[in-house]
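The structure appears right after this line, and notes come after that.
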Amino acid sequence: MRTLKDAKIGERVTVKRLNGEGPIRRRIMDMGITKGVEIYVRKVAPLGDPLELTLRGYELTLRRADAELIELADRDGKEER
Amino acid sequence: MAEKKQIRIALVGNPNSGKTTLFNALTGSNQFVGNWPGVTVEKKEGKLKGREDVIVTDLPGVYSLSPYTPEEVVARNYLIEEDPDVVLNIIDGTNLERNLYLTTQVLELGIPVVVAINMMDVVRKNKDSIDTQKLSKALRCTVVEISAQKETGINEAAEAAIAAAGGEAATPLHIFSGATEHALAHIEEATVHDLSDLKQRWYAIKLFERDERVIAKLGITDRVREHIEKDIRAAEREMDDDADSIIANERYEYIGEVVKTCYTKKRRGMDSTSDKIDRIVTNRFLALPIFFLVMFLVYFISISTVGAWGTNWANEGLFGEGFYLFGIKDCWIPGIPVVVGDLLDAVNCAGWLRSLIIDGIIGGVGSVLGFVPQMFMLFLFLAFLEACGYMSRIAFVMDRIFRRFGLSGKSFIPMLIGTGCGVPGIMASRTIENDSDRRMTIITTTFIPCGAKLPVIGLIASAMFGGAAWVATSCYFAGVGAVIISGIILKKTKMFAGEATPFVMELPAYHMPTPKNLLHSMWERGFAFIKKAGTIILVASIVIWLGSNFGTVDGSFGYHGDALDLEDSVLGMIARAIAWIFVPIGFGNVRETIATLMGLLAKEEIVGVFGVLDFAGLTQLAAYSFLLFNLLCAPCFAAIGAIRREMNSAKWTWFAIGYQCTFAYAVCLMVYQFGLLFTGNGFTVATGFATLVFATLLYLFFRPNQTEVKKHASVAGK
């Protein structure tokens, strides 16, 4: 299972589903990380964490530990788009 | 004016959508700031400019009406329970998708809604376009274009809201998939059909999401719950997802469709100005140097230079001898104590009353108000850093370090400011959204030695240690160490556990704030301090004055003026009664106890006490323990006032003070007793206690964090 935590900087990924529960999961969804959304992993903070993402036209930051809850779609077929 | 029904407008929007700017533009200076009951979320209300009968309530900025953060709970309780006449939903035109997510929820509340698209000036500048008519049709409510910052379209937005207030409630959008809508219809029928038509949909959706607060509020019985649970599960099976995911997904899918039809983006793939700034500001190598440079500038200007001039003027001029107006030689303005003193002399005021007013009240309150210039400068900087978007980047850059101690990346600013003065330091914690991070910051900020503690350090270092440099250095290390150790220990306690909210934060686009808004924010915070902290200081100054000026001389109790020896004052008597407490940490004498008590008024007062009384009989070890205790224990009353103001809770204020004193005592006990042991005084009962304290601290420090263990277990279990 590949999660957002494994994504490389500069990579474009697609969300397959969200794991976890409670406030963290809900907050992530409310911020627009839902099934099928495309995320661009823009950069990582100077000390290695958190991540900076671009999605739905804005910038979001997320700790790696929380990024682990976000499961990604396989990369196959993504390249053609 | 004839008796007319009031119109209540609720202002709703995402953080960083320009909501506060709009609120200020709508209400001007006609505002009342308070707190929502029971939480530290600020409540702002105001009358619409030129309309006595229209009240605007600025709800906290939220991304969703979920039941999790205090802001969300406040906003949704207000909307559901208080039934405002109309919702004015402000959305950021440059960030339509995420902003409309909240709009889809607001439209379900059964309240008339007007949508105001903000930052239209920026949208046009980017050559993008939003078709407001199409958007209005899709959302089935009035949509107006505004720029809160340029103050265009503001009146139109207010007029639209007032017009809508009397009209029909927004019609809930039926935007969900067949399976979901089917379940929602069943839930409405089974649970809320006796509520007003307008509210049914909101409740049905919340029940579908299994919102515990709503289930409890409606008093849904287990039998009914089981019944609707069947419908929810059916929908979940069909959509192969959880109920709350289904709702969130379908909202965003709907928004995607809407945005496609009414929003055209001109530029594609090119970096915006904000991206260009970020490439430097949060750059891998430059981010930290830039951060330290910004911090240095903030500190240098607001505390060291401009702020210090202001504070010196206030302390030595306004509340001192006097000053030259604008530095003009012939224009001498006497200070307040001088003016009031002359006045009291003129009316032949009694000596004790004169002393109470001049030394007690004006002296005490004045010493605190002296910080106001520094504080105003600081708040101006903070307002700028927050409004331009850099504050979020600070959290982004520093998060890695600070979260280990249960603090936020933004905690750095209060700590840094705290080296100047703890009062503005504590007030600077306002910028931290997360409740537990903010409380932790408030509790630990005053461990850092502030400016007023420097004379005390200097006195002890020169009187007892021959001016050794390591004394001051070790004080700073002790302060930083106390912050780190306390952070780790407190993070694992019940009071801080379970409140952890995720660090999922927007990095808003950079933009230049208007001077008007900066000044407004500065004034609001500065004045809040003067008002709230000021009252505590006034009472405390009077109490300390009474304590140190009344006492017994030659067997008669009363006010004796200069004839009274501090040790014979009421304060001295209290000190004598409680001095034994400090015996185990090395300084159970009356005068050190008096000094500690006086330190509560202002830490530099400690020096004043020793100006009269010397250090006879104090060992170096005891003196160091005394110094350490006074650095770490409860701060001065001004800072306690600030803690009370920022905690907005008596319970948390007492907890903070209690923790600080206990921690200080524990540290000093260990330092003194182990010090005695290593200087060859043998192992005593007190050494045993110190060992016990040490073991307890080690346990509290190293024990596993219960909440984290649970979280990982649940993740692993999935």
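Just so it is clear: chains get the letters A, B, ... in the order the sequence lines come, proteins before strands, and each one is counted from 1.
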I'd like a table of donor-acceptor pairs (distance under 3.5 Å, sequence neighbours excluded) in which one partner is a side-chain atom from residues 393-405 of chain B, with atom names and distances.
| residue | atom | partner | partner atom | Å |
| --- | --- | --- | --- | --- |
| B:Arg393 | NE | B:Asp278 | OD1 | 3.2 |
| B:Arg393 | NE | B:Asp278 | OD2 | 3.3 |
| B:Arg393 | NE | B:Tyr510 | OH | 3.3 |
| B:Arg393 | NH1 | B:Gly389 | O | 3.0 |
| B:Arg393 | NH1 | B:Pro508 | O | 2.6 |
| B:Arg393 | NH2 | B:Asp278 | OD2 | 3.0 |
| B:Arg393 | NH2 | B:Pro508 | O | 2.9 |
| B:Asp399 | OD1 | A:Arg63 | NE | 3.4 |
| B:Asp399 | OD1 | A:Arg63 | NH2 | 2.7 |
| B:Asp399 | OD2 | A:Arg63 | NE | 2.9 |
| B:Asp399 | OD2 | B:Arg403 | NH1 | 2.9 |
| B:Arg400 | NH1 | A:Leu47 | O | 2.9 |
| B:Arg403 | NH1 | A:Asp49 | OD2 | 3.1 |
| B:Arg403 | NH2 | A:Asp49 | OD2 | 2.9 |

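Between atom CZ of residue A:Arg26 and atom OG of residue B:Ser245 there is a gap of 9.0 Å, rounded to the nearest 0.5 Å. In this structure, OG1 on A:Thr34 lies 12.0 Å from CZ on B:Arg251, to the nearest 0.5 angstrom. Atom CE of A:Met31 and atom CD of B:Glu506 lie 5.5 Å apart (nearest 0.5 Å). To the nearest 0.5 Å, atoms CG (A:Asp30) and OH (B:Tyr63) are separated by 11.0 Å. To the nearest 0.5 Å, atom CG of residue B:Asp240 and atom CZ of residue A:Arg17 are 6.0 Å apart. Going from atom CD1 of B:Ile247 over to atom CE of A:Met29 covers 9.5 Å, rounded to the nearest 0.5 Å.
Neither side chain, A:Arg27 nor B:Ser64, offers a donor N or O lying under 3.5 Å from an acceptor on the other. Counting only N and O atoms by type, the side chains of A:Lys43 and B:Thr282 include a donor and acceptor under 3.5 Å apart.
No part of A:Val37 comes within reach of chain B, as not one of its non-hydrogen atoms sits under 4.5 angstrom from that chain. For A:Leu18, no part lies under 4.5 angstrom from a heavy atom of chain B. When heavy atoms are compared at a cutoff of 4.5 Å, B:Glu72 approaches chain A solely by way of its side chain, counted from C-beta outward. Interface remark: A:Leu55 contributes no atoms to any contact with chain B (heavy atom separation under 4.5 Å). With a 4.5 Å cut-off on non-hydrogen atoms, B:Asp244 touches chain A through its backbone and its side chain both.
Chosen from B:Asn249, B:Asn95, B:Asn14, B:Asn283, the residue pairing most often with chain A at heavy-atom distances under 4.5 Å is B:Asn249. Counting heavy-atom pairs closer than 4.5 Å to chain B, the top-ranked of the candidates A:Gly36, A:Ala45, A:Gly57, A:Gly48 is A:Ala45. Contacts with chain A were tallied for B:Thr94, B:Leu288, B:Asp241; B:Asp241 has the most, counting heavy-atom pairs under 4.5 Å.
With contacts defined as side-chain heavy-atom distances shorter than 4.5 Å, the pair B:Ile255/A:Arg56 does not qualify. Counting heavy atoms from C-beta on, the side chains of B:Leu507 and A:Glu52 come closer than 4.5 Å. You'll find the side chain of A:Leu62 stays beyond 4.5 Å of the side chain of B:Met505, heavy atoms only.
Around atom CD of B:Glu238, no more than 12 heavy atoms belonging to other residues, nucleotides or ligands sit under 6.0 Å away.
The side-chain hydrogen bond (donor to acceptor under 3.5 Å, both in side chains) search around A:Thr61 returns none, not counting sequence neighbours.
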